[in-house]
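Encoded as structure tokens, the structure appears first; notes follow it.
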Amino acid sequence: MSGAFKSDEMRRAFDNRGDLVAYLRAQFPAAAARGGGFSAFRGGRRAALARLSGCDPGAYAASRNSLNGSVTRLSPYLRHGVIGLREVVDSLQKRHGGLVRARKLVQELAWRDYWRRVWARIGDGIWEDRETYKTGFHASHYTGELPRDVESSATGLACMDAFARELKETGYLHNHARMWLAAYLVHWRRVRWQAGARWFLSHLADGDAASNNLSWQWVASSFSSKPYFFNRENLETYTQGAYCRACPRRGWCEFEGTYPDLRRKLFPLLEPGA
Amino acid sequence: MSVVIWVHDECLNPEARVFREYPGAPAVFVWDDGAIENEQWTLKRIGFVYECLLELPVSILRGDVAEQFAGFAAGCGASRIVTSGFVNPRLARVAAALDGLEVLEEPPLVDLPADIDLRRFSRYWAKAEPLLFGRKA
């Protein structure tokens, strides 16, 4: 663009997106070999502003927990500072004459601000347990390896296999799917959150250690007062049954049961007298 | 005194303060080959970031960030470096190797004291919420 140092500059002109993809595959072969396609998100400020203008905070508040809900999908742009948190809130305020309808969305944006403030304070400590697990287990009871069947979408659980596939192919997962997949790995498979967090960060277009790692710790209970887990009914409700209907494990998967039942199975050491 | 802008992956906004306050200044983004391997980036994120870069007035290099940047800045005859705020310790380590770096922070979501209690979101929210909902855009 400017300056005298031109020797190793990378290309800036491309005929189309396919041309850019081919160039990046050639430039970053190891990254390309790690799997997945190209980003499901178009990068750039113009794309960010287009998404922002399409945000409906009322619909977000009503439906954000459903996989087909009205979520903003602004996270890759926020993560890379293409657009700022303050700018998003100011835009909502101007467009809607206030923040009354946007209360839930603003609170979720504030979570992102909160995670970043924590990261700024603890730096590389973001990879360490903030607190002990509240599951009855010690950190040493969890494996540091990501199970191959989860990584390769071969668990036989339609939901988890689909989430892992989507993560790798698109670089994005709905927040609820992230929470389910994280809870499955940590609490059902007894995997240390760090292994899952590294896997997510590798693939997510919006991955940053602040939101990602601290959310994993929130699920694991090393940055919350209790572990997050779910049951099949919860997952079925917020996915409109999309996975359960076709699941080969329908009716006998490990997510079946009431919350008290699952709590006893997953965290037996928390039971009275244990 | 000539200025050069270091663009990093936490602020890929053509309307960022660095570009507004130093229009026309040479700017560079350096792909950190070590970080891409350590953090196991895939083409999905690389592609997203690359498309963001194509909307910025930057030269795009790769390799060791501090080394590449130093070469670029020397080629421009720059005596001052400006960049946008960052949190990632990886970027802080690069910044520590750049002499005369000035950081221009973007506006925070909410103005809070640096020593705010961050032990739980609820403590942060108790301070942030009234400020967020009490101000005008």
Side-chain angles (χ1 to χ4, degrees), chain A residues 1-5 8-10 12 20-21 24-25 28 30-32 34-46 76 80-86 89-90 93-94 99 106-107 109-111 113-114 116-121 123-124 170-171 198 201-205 207-210, chain B residues 4 9-16 24-28 31 36-37 39-55 57-63 68 71-72 74-77 84 87-89 92 106-110 112 116 118 121 124-125 128-129 132-133 136-137:
Chain A
M1 292 298 289
S2 50
F5 186 78
D8 297 315
E9 289 193 22
M10 296 183 73
R12 290 190 52 95
L20 170 63
V21 174
L24 293 180
R25 281 193 185 285
F28 298 98
R34 282 192 271 273
F38 209 58
S39 169
F41 294 80
R42 186 168 287 273
R45 174 86 174 162
R46 281 192 292 272
H80 293 288
V82 185
I83 196 166
L85 289 170
R86 177 75 164 258
V89 172
D90 286 350
Q93 190 162 14
K94 279 181 189 152
L99 292 174
V106 172
Q107 188 179 39
L109 293 167
W111 270 99
D113 181 53
Y114 171 68
R116 277 181 68 81
R117 287 174 187 269
V118 174
W119 194 18
R121 196 168 287 181
D124 290 322
T170 70
R198 272 195 301 277
L201 274 182
S202 168
H203 288 286
L204 288 171
D208 75 46
Chain B
V4 64
D9 67 21
E10 287 191 29
C11 192
L12 302 175
N13 181 354
E15 294 173 30
V28 64
W31 286 102
I36 289 173
E37 281 313 299
E39 298 171 19
Q40 297 278 290
W41 282 33
T42 67
L43 217 53
K44 298 181 284 289
R45 193 207 297 252
I46 291 172
F48 178 82
V49 169
Y50 213 99
E51 285 182 323
C52 292
L53 293 174
L54 295 179
E55 289 189 5
V58 290
S59 297
I60 307 171
L61 301 175
R62 67 183 296 179
Q68 290 290 319
F72 181 85
C76 299
S84 305
V87 173
N88 193 330
E106 294 298 310
L109 174 66
V110 59
L112 291 167
I116 183 176
L118 296 174
F121 177 78
Y124 157 89
W125 189 237
E129 184 181 23
L132 275 166
F133 291 97
K136 300 202 183 318

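Nothing here was measured: the structure is a model prediction, and the numbers come from that model.
Residue B/Trp125 touches chain A through its side chain alone, counting heavy-atom pairs closer than 4.5 Å. With a 4.5 Å cut-off on non-hydrogen atoms, B/Val49 touches chain A through its side chain but not through its backbone. Proximity to chain A (any heavy atom under 4.5 Å) is restricted, for B/Leu53, to the backbone atoms N, CA, C and O.
Separation of atoms NZ (B/Lys44) and CG (A/Leu204) is listed at 9.0 Å; rounding is to 0.5 Å. Going from atom CG of B/Leu118 over to atom CZ of A/Arg121 covers 4.0 Å, rounded to the nearest 0.5 Å. The CG atom of A/Asp208 sits 9.5 Å away from the CG atom of B/Asp9 when rounded to the nearest 0.5 Å. We find the CZ-SG distance between A/Arg45 and B/Cys52 to be 11.0 Å, quoted to the nearest 0.5 Å. Between atom CD of residue A/Gln107 and atom CD of residue B/Glu129 there is a gap of 7.0 Å, rounded to the nearest 0.5 Å. For the atom pair OH of A/Tyr114 and OH of B/Tyr124, the computed distance is 10.0 Å after rounding to the nearest 0.5 Å.
Comparing A/Ala209, A/Ala120, A/Ala205, A/Ala110 by heavy-atom pairs within less than 4.5 Å of chain B, the highest count is held by A/Ala110. Put simply, of A/Ala40, A/Pro76, A/Gly123, A/Gly81, the one with the most heavy-atom pairs under 4.5 Å next to chain B is A/Gly81. Put simply, of A/Ala32, A/Gly35, A/Gly37, the one with the most heavy-atom pairs under 4.5 Å next to chain B is A/Gly37.
Side-chain contact between B/Pro108 and A/Asp113 is absent, with no heavy atoms from C-beta onward closer than 4.5 Å. With a 4.5 Å cut-off on side-chain heavy atoms, A/Met10 and B/Leu61 do not count as touching.
Contact check on A/Arg34 versus B/Glu37 returns a salt bridge, with a Lys/Arg side-chain nitrogen under 4.0 Å from an Asp/Glu carboxylate oxygen.
A search for side chain to side chain donor-acceptor pair (under 3.5 Å) contacts involving B/Glu10 returns A/Arg116, not counting sequence neighbours.
In this structure, A/Arg12 fails the cation-pi test against B/Tyr50, since its NZ or CZ atom is not both closer than 6.0 Å to the six-membered ring centre and inside 45 degrees of the ring normal.
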Run the numbers on B/Glu106 and A/Arg86 for salt bridge (charged side-chain N to carboxylate O under 4.0 Å, His left out), then give the verdict. CA-CA 9 Å; B/Glu106 294 298 310; A/Arg86 177 75 164 258; over 6 Å; no
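Ring orientation note: the planes of B/Phe121 and A/Trp111 are close to parallel, at an angle under 30° on the 30°/60° scale.
Aromatic pair B/Trp41/A/Phe28: centroids not less than 6.0 angstrom apart.
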